[in-house]
Amino acid sequence: MPADSSGQDLEPFYASDYFEPLYQYALQLIRKGKAYVCDHTPEEVDEMRGAPDRPGRESAYRGRSVEENLDLFQRMRTGEFPDGARTLRAKIDMSAPNVWLRDPVLYRIRHASHHHTGDCWCIYPMYDFAHGLSDYIEGITHSICTLEFEVHRPLYEWILEALELPRVHPRQREFARLNVTYTIMSKRKLLRLVEEGHVRGWDDPRMPTIAGMRRRGYPAEAIRDFCDRIGVAKRENMVQLALLEHCVREDLNRRAPRTMAVLRPLRVVIENYPEGQVEEMEAVNNPEDSSMGTRRVPFSRVIYIEQDDFREVPPPKYHRLSPGREVRLRYAYLITCTGVVKDPETGEVLEVRARYDPATRGGNAPDGRKVKSTIHWVSAEHAIEAEVRLYETLFEVENPDDVPEGRDFTQTLNQASLEVLRGCRLEPSLATLGPGSRCQFERLGYFFVDPDDSAPGAPVFNRTVTLKDTWARIQSRQH
RNA sequence: UGGGGCGUGGCCAAGUGGUAAGGCAACGGGUUUUGGUCCCGUGAUGCGUAGGUUCGAAUCCUGCCGCCCCAGCCA
């Protein structure tokens with residue numbers, strides 16, 4: 001982190017901003033006799049490096065004079081030599097047990113334009129050379145990186161100590177990277193998902209990127225809470241997705257207004273409810289926060305309920321609607337199913353018939369009788385339509401990186417990670433919800449109004465996360 | 001077989017000589033007009049393993065075992 005991290009607009013920093021000072025440091029290294037220009041081919045360098053358990057051999061150019069090195073390096077910069085012809089190498093120790101100390105390459109020739117510096121340079125510093133010095137230039141005190149750079153630390157420190165750097169040196173410290181089940185974190189692999197079209201972009205709601213999580217509807221506070229809970233350590237780890245989802249639910253449970261939406265509509269006709277009558281039912285916006293108030297939801301003779309909330313032949317422990325059974329319509333009435341209308345051809349249930357108890361307005365029976373279930377609903381004539389996108393994990397295995405030799409992580413992609421539902425019916429109050437808003441669809445989950453794909457009158461909702469679903473667990477246990 | 005790291009319940013993770021925090025998950029129970037929320041309860045005689053030091057060890061010492069990283073002119 002920068003020592004002076006007062007303003008956010010300081011970031012981001014690029015190593016390419018320091019190419020000139022970096023070059024000057026390289027010159028200084030040469031003058032001190034700690035770096036030399038090497039003419040060996042990449043293959044020769046590779047071979048001469050030796051192996052972890054076998055020392056390497058010194059470059060034939062290791063003994064060049066300071067003057068010659070200076071001259072050659074400057075000419076490397078002016079573009080006199082082709083790619084790969086020469087490199088600048090640190091003069092350390094070809095028999096060091098740590099292979100990164102065996103005269104590592106500091107600069108190589110690349111006649112390529114850079115996305116920040118254009119064609120200013122044809123020599124570019126290697127990571128190890130640029131890293132510590134960039135940190136030093138920026139006044140960084142602690143340079144945090146991942147475990148695989150642990151073996152580079154001696155080189156990081158060697159470079160800083162080899163030069164005349166009066167200020168306090170930055171210190172590199174390594175920690176385990178964050179891994180989460182059912183996803184990948186590698187930028188290189190994420191790039192492939194984008195380039196190969198497995199997702200719709202870096203901000204696809206299934207991506208574990210900040211942009212993706214934001215578009216999914218994960219609140220920043222929930223992500224920070226997640227980070228606080230998992231901690232930072234050196235142990236390789238794989239955090240369960242369930243913890244992240246828990247943090248999201250906990251945050252949204254407090255803040256998200258409750259609404260009713262039917263994703264897979266099933267028409268219900270309430271036979272004894274007067275044709276043409278409409279009642280405004282009062283619903284609370286958030287049982288966790290009474291300051292969020294109440295709203296009115298229109299109720300009428302024909303409503304939609306969730307297909308999942310009706311079963312013609314109910315399985316064990318199923319509490320919802322089925323023929324002869326009474327349930328509560330949230331904030332409305334108790335209704336009893338009297339029958340179904342089926343497609344004569346396919347046998348598919350097209351419509352459910354029911355009768356309501358006029359004495360149960362608001363959902364309570366004066367005689368005190370109980371129902372086992374409360375289901376959500378939407379008045380057919382008042383409902384608005386919307387597209388809803390349901391997301392599952394991007395991969396179907398906990399650790400997509402753990403693929404057998406020769407196989408590719410894309411082969412474990414979850415083909416059902418995105419399900420688009422059109423013609424979903426929402427309570428009318430949802431019409432005024434702006435892009436980027438969050439709400440709970442009662443009993444279903446938390447949803448986010450997609451800022452990019454929503455249009456006036458045609459909202460698109462992304463499912464951020466489902467609610468915990470005990471019924472789903474019971475079902476999976478039965479199977 | 002060289003070097004560097006890491007091993008505490010299913011998953012994370014505190015603890016750094018004084019007798020194993022916490023969270024998630026799981027399981028049981030209570031409340032409930034969301035099978036949501038909330039509340040209560042249940043787990044390591046044990047900290048990779050074997051010895052040693054100590055009144056006392058997850059913490060100190062030694063051996064062993066396991067896992068990860070390093071031989072790019074990538075980062």
Problem set entry | Pair A:Phe299 and A:Tyr333, ring centroids less than 6.0 Å apart | yes
For this session: Return no unless some side-chain N or O of A:Lys372 is found under 4.0 Å from OP1 or OP2 of B:G35.
Result: no
For this session: Could you check if a side-chain atom of A:Tyr446 sits within less than 4.5 angstrom of a side-chain atom of A:Cys439, using non-hydrogen atoms only?
Result: no
Exercise. What interatomic distance, in whole Å, is found between C1' of B:G18 and the corresponding atom of B:G29?
Worked result: 37 Å
Exercise. So, is A:His376 near the phosphate of B:U34, with a side-chain N or O under 4.0 Å from OP1 or OP2?
Worked result: no
For this session: Measure from the side-chain N and O atoms of A:Glu442 to the backbone N and O of A:Arg258, and report whether any donor-acceptor pair falls under 3.5 Å.
Result: no
Problem set entry | RNA chain B contacts made by residues 253-267 of chain A, counting heavy atoms under 4.0 Å | A:Asn253, A:Arg258
Exercise. Considering only heavy atoms, which members of residues 100-113 of chain A lie under 4.0 Å from some atom of RNA chain B?
Worked result: A:Trp100, A:Val105, A:Arg108, A:Arg110
Problem set entry | Result of checking A:Leu321, A:Ile305, A:Asp309 against A:Val327 for side chain to side chain contact (heavy atoms under 4.5 Å, CB included) | A:Leu321
Problem set entry | Separation of B:G5 C1' from A:Arg173 CZ (nearest whole Å) | 13 Å
Exercise. Judged by atom type as modelled, is there a donor-acceptor pair below 3.5 Å linking the side chain of A:Ser59 to the main-chain atoms of A:Tyr61?
Worked result: yes
Exercise. Who passes side-chain hydrogen bond (donor to acceptor under 3.5 Å, both in side chains) against A:Asp367, sequence neighbours left out?
Worked result: A:Arg369
Exercise. Does atom CZ of A:Arg171 have more than 12 heavy-atom neighbours, drawn from other residues, nucleotides or ligands, at distances under 6.0 Å?
Worked result: no
For this session: Ignoring backbone atoms, test whether A:Arg477 places a side-chain nitrogen or oxygen under 4.0 Å from the OP1 or OP2 oxygen of B:C27.
Result: yes
Exercise. Base, sugar-phosphate alone, or nothing: which one does A:Arg249 contact when heavy atoms must sit under 4.0 Å apart?
Worked result: nothing
For this session: Evaluate whether the aromatic ring of A:Trp471 and the six-membered ring of the B:G35 base sit under 5.5 Å apart, centre to centre, with an inclination under 30°.
Result: yes
Problem set entry | Under-4.0 Å side-chain N/O to phosphate OP1/OP2 contact, A:Thr374 with B:U32 | no
Seminar exercise, completed: Any stem touching RNA chain B, meaning at least three consecutive Watson-Crick or G-U pairs under 3.5 Å, ordered by first number, would be B:2-7 with B:65-70, B:10-12 with B:22-24, B:26-30 with B:38-42, B:48-52 with B:60-64
Exercise. In whole Å, what separates the P atom of B:G51 from that of B:A26?
Worked result: 38 Å
Seminar exercise, completed: ring-ring contact (aromatic ring centres under 6.0 Å, His included) filter on A:His131, not counting sequence neighbours, yields A:Tyr127, A:Tyr156
Exercise. Just checking A:Glu245: base, sugar-phosphate only, or nothing, at a heavy-atom cut-off of under 4.0 Å?
Worked result: nothing
Exercise. Tell me the salt bridge (charged side-chain N to carboxylate O under 4.0 Å, His left out) pairs involving residues 221-231 of chain A, sequence neighbours left out?
Worked result: A:Glu221-A:Arg255, A:Asp225-A:Arg229, A:Arg229-A:Glu250
Seminar exercise, completed: For nucleotides 10-16 of chain B, 5' to 3', base contacts (B), sugar-phosphate-only contacts (S) and non-contacts (-) with protein non-hydrogen atoms under 4.0 Å give BSSBS--
For this session: Only pairs at least two apart or in different chains count here, so list each salt bridge (charged side-chain N to carboxylate O under 4.0 Å, His left out) that has a residue in residues 73-89 of chain A.
Result: A:Glu20-A:Arg77, A:Asp39-A:Arg86, A:Asp71-A:Arg75, A:Arg75-A:Glu80
Problem set entry | Nearest-angstrom distance, P atom, B:U54 to B:G46 | 23 Å
Seminar exercise, completed: A:Glu150 CD to B:G3 P, in whole Å, measures 16 Å
Problem set entry | Contacting residues from residues 44-54 of chain A, given that a heavy atom lies under 4.0 angstrom of RNA chain B | A:Asp46, A:Arg49, A:Gly50, A:Ala51, A:Pro52, A:Asp53
Problem set entry | Nearest-Å distance for atom pair CD/P, residues A:Glu157 and B:G4 | 14 Å
Exercise. Rounded to the nearest Å, what distance is computed from the CG atom of residue A:Asp135 to the P atom of nucleotide B:A75?
Worked result: 14 Å
For this session: Determine yes or no for a side-chain-to-main-chain donor-acceptor pair under 3.5 angstrom, with A:Glu161 supplying the side chain and A:Trp158 the backbone.
Result: no
Exercise. Looking only at side-chain N and O atoms, does A:Arg473 come under 4.0 Å of OP1 or OP2 in B:C27?
Worked result: yes
Seminar exercise, completed: Contacts of A:Thr41 and A:Thr360 projected onto RNA chain B by closest heavy atom; the upstream (5') one is A:Thr360
For this session: With a 4.0 Å heavy-atom cut-off, tell me which residues in residues 279-297 of chain A come close to RNA chain B, sorted by residue number.
Result: A:Pro287, A:Glu288
Exercise. Base, sugar-phosphate alone, or nothing: which one does A:Tyr318 contact when heavy atoms must sit under 4.0 Å apart?
Worked result: base
Exercise. Mind checking whether A:Tyr182 and A:Phe395 have ring centres under 6.0 Å apart?
Worked result: no
Exercise. Can you check whether A:Tyr273's main-chain N or O pairs, donor with acceptor, with A:Arg301's side chain at less than 3.5 Å?
Worked result: yes
For this session: Classify the nucleic acid contact of A:Asp128 as base, sugar-phosphate or nothing, counting any heavy atom under 4.0 Å across all strands shown.
Result: nothing
Problem set entry | Nucleotide nearest A:Arg443 when distance is taken to its side chain, options B:G3, B:C73, B:U34 | B:U34
Seminar exercise, completed: Residues passing the ring-ring contact (aromatic ring centres under 6.0 Å, His included) test with A:His116, sequence neighbours excluded, are A:Tyr14, A:His114
For this session: Using the side-chain contact (heavy atoms from CB on, under 4.5 Å) rule, take A:Leu106 and A:Thr87 through it: C-alpha gap first, then chi angles, then the decisive distance, then the call.
Result: CA-CA 7 Å; A:Leu106 267 20; A:Thr87 56; over 6 Å; no
Exercise. At under 4.0 Å between heavy atoms, what does A:Val99 touch on the DNA or RNA strands: base, sugar-phosphate, or nothing?
Worked result: sugar-phosphate
Exercise. Which residue lies toward the 5' end of RNA chain B, A:Ile474 or A:Asp39, if each is placed at its nearest nucleotide?
Worked result: A:Ile474
For this session: Check side-chain hydrogen bond (donor to acceptor under 3.5 Å, both in side chains) between A:Gln475 and all other residues, then give those that pass, not counting sequence neighbours.
Result: A:Trp471
